[in-house]
Amino acid sequence: MAAATPTPDRFRLRVHLDHANESRAMIVVSFLANVLVAVAKTVAAVATRSSSLRTEAVHSWVDVGNECFVVVAARKARRPADEQHMLGYGRESYVWSLFASIGTLLLGAVVGVWQGVHELSEPGGGSDYVVGYAVIGVSFVLEGVSFVQTIRQLRKGADDLGRDLFEHALATSNSTLRAVFTEDFTALVALVLAGLGMALHQLTGVAAYDGVGSILIGLLMVVAAVILISSNGRLLAGKPIEPAQRARMIAALRAEPEIECVAFMYSEVIGPERLLIIASVTLAGDHTQAELAAIMRDLERRLMKHHYVGLAVLTLATPDD
């Protein structure tokens, strides 16, 4: 059997392990918070018989399951490039993130909304409200800790790319970061809805408020899932970079002293916070063929030192270009 052809150095995808370690820490914090919150909500849902809390318990267990998909996605994205996958395995992470989003959509629509409708048609009594409020308060703190951790990591990327926080959360190519942010944000909003539904039920004696709270939580899960499905779908299809990023990348190329002109530049997302850069350039001065090859390889290596550039391929432009 013929030996596998090694990937040339110029085509070795660069993976930045410092950011991978930060993502791993963020996932661990989020996972632990979700497990604790899910257990607490389940106990409270049984004690209070609140429809909103039952939906919230399901919401948290869905988040726990999604974290497992997120872990797989993060591990897949870190696999190094080989001769069969010269652009690496980054896009595979979007497949696993897509599975998690579909699960949220189905369970949010079926369980959350159905429970709320059932509560409206067959109102039940509530009890032990103090337990419910205590669990909601503790859950809010735990989810808040995870959310703050996610915000810190998002802020770094947003500052690097000149985006505001929410814009970066929706536009980032890091599906793991976007999924955890969306889960934490929706969890905090859902806890407020559950608390309001339970409080209005207690104050008025009308169980419909609890049912409406459950429906709203289910719809919130559906909206979050649709956003994540749409984002992962675009990344799987091969999303080009935004005009502002493209302009900065062209400016970075032009800033290199060896480059006289950038005739063509194409860039595409190939994984979490990884871009493929293909450019056609003209070089200043007269050089031999060997010198041209050395200069081009050196330029590629310098480009790939940038955090977001996973692979850079430069070619010489023709006079017609």
What heavy-atom pair brings [X] and [Y] nearest, and what distance separates the two atoms?
X: Ala190; Y: Ile217; result: O-CD1, 3.7 Å
X: Ile136; Y: Met198; result: CD1-CE, 3.8 Å
X: Glu291; Y: Asp286; result: OE1-O, 4.4 Å
X: Tyr133; Y: Gly195; result: CE2-O, 4.3 Å
X: Met265; Y: Ala279; result: CG-CB, 4.0 Å
X: Ser101; Y: Ala225; result: O-CB, 3.3 Å

Check for me, please, whether [X] and [Y] land in the same ILVMFWY cluster - side-chain distances under 4.5 Å, paths through other members count.
X: Leu142; Y: Val131; result: no
X: Val37; Y: Leu193; result: no
X: Leu220; Y: Leu228; result: no
X: Val223; Y: Val180; result: no
X: Val226; Y: Tyr94; result: yes

Would you call [X] and [Y] a side-chain contact if the rule is heavy atoms closer than 4.5 Å?
X: Ser173; Y: Leu235; result: yes
X: Leu154; Y: Arg178; result: no
X: Leu314; Y: Leu303; result: yes
X: Arg234; Y: Val269; result: no
X: Thr282; Y: Leu316; result: no
X: Ile229; Y: Leu98; result: yes
X: Leu203; Y: Tyr209; result: no
X: Leu275; Y: Ile270; result: no

Under the side chain to side chain contact (heavy atoms under 4.5 Å, CB included) criterion, do Leu283 and Met296 qualify, and how do the steps go?
CA-CA 9 Å; Leu283 300 181; Met296 297 291 272; 4.0 Å; yes
**For Phe166, ring-ring contact (aromatic ring centres under 6.0 Å, His included) partners two or more places apart** =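 Counting only residues at least two positions away or on another chain, Phe166 forms a ring-ring contact (aromatic ring centres under 6.0 Å, His included) with Phe181, Phe185.
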Side-chain donor-acceptor contacts of residues 247-257 below 3.5 Å, not counting sequence neighbours, with atom names and distances?
residue : atom : partner : partner atom : Å
Arg248  : NH2  : Leu161  : O            : 3.0
Glu256  : OE1  : Arg302  : NE           : 3.4
Glu256  : OE1  : Arg302  : NH2          : 2.3

_Please enumerate all residues that pass side chain to side chain contact (heavy atoms under 4.5 Å, CB included) together with Val148, with sequence neighbours excluded._
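Partners of Val148 by the side chain to side chain contact (heavy atoms under 4.5 Å, CB included) criterion, ordered by chain and then number, come out as Arg152.
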Notebook entry, point to check: Pick from Val222, Leu170, Thr186: which one makes a side-chain contact (heavy atoms from CB on, under 4.5 Å) with Ile227?
Noted result: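 For Ile227, the side-chain contact (heavy atoms from CB on, under 4.5 Å) check succeeds only for Leu170.
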Supply the atom-to-atom distance [X] [atom1] to [Y] [atom2], rounded to the nearest 0.5 angstrom.
X: Arg274; Y: Leu311; atom1: CZ; atom2: CG; result: 11.0 Å
X: Glu273; Y: Asn174; atom1: CD; atom2: CG; result: 4.5 Å
X: Asp210; Y: Ser52; atom1: CG; atom2: OG; result: 4.0 Å
X: Ile278; Y: Tyr266; atom1: CD1; atom2: OH; result: 7.5 Å
X: Asp164; Y: Glu167; atom1: CG; atom2: CD; result: 5.0 Å
X: Leu177; Y: Lys156; atom1: CG; atom2: NZ; result: 11.0 Å

- Counterpart residues, side-chain hydrogen bond (donor to acceptor under 3.5 Å, both in side chains), relative to Asp159 (two or more places apart):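 For Asp159, no residue satisfies side-chain hydrogen bond (donor to acceptor under 3.5 Å, both in side chains) once neighbours in sequence are set aside.
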With sequence neighbours excluded, residues passing side-chain hydrogen bond (donor to acceptor under 3.5 Å, both in side chains) with Thr55: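 Scan of Thr55 (side-chain hydrogen bond (donor to acceptor under 3.5 Å, both in side chains), adjacent residues dropped) gives Gln115, Ser214.
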Quiz item: Charged N to carboxylate O under 4.0 angstrom, Glu242 versus Arg163?
Solution: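 Between Arg163 and Glu242 there is a salt bridge, with a charged N closer than 4.0 Å to a carboxylate O.
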Item checked: salt bridge (Lys or Arg N to Asp or Glu O under 4.0 Å) against Glu56, all qualifying residues, sequence neighbours excluded ->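 Glu56 satisfies salt bridge (Lys or Arg N to Asp or Glu O under 4.0 Å) with Lys41 only.
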- Message: Let's go through Asn232 and Phe99 carefully: what are the C-alpha distance in whole Å and the side-chain angles of both, what is the deciding distance for side chain to side chain contact (heavy atoms under 4.5 Å, CB included) to 0.1 Å, and is it a yes or a no?
- Response: CA-CA 10 Å; Asn232 287 310; Phe99 289 160; over 6 Å; no
Whether the side chain of Ser97 engages the backbone of Ser93 through a donor-acceptor N/O pair (distance < 3.5 Å, no angle test) should be reported.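 Here the side-chain-to-backbone pair exists.
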Check the pair Ser175 / Trp96 against side-chain hydrogen bond (donor to acceptor under 3.5 Å, both in side chains), numbers first and verdict last. CA-CA 9 Å; Ser175 60; Trp96 293 97; over 6 Å; no
### Derivation of the side chain to side chain contact (heavy atoms under 4.5 Å, CB included) call for Trp61 and Thr42
CA-CA 9 Å; Trp61 285 116; Thr42 302; 2.8 Å; yes
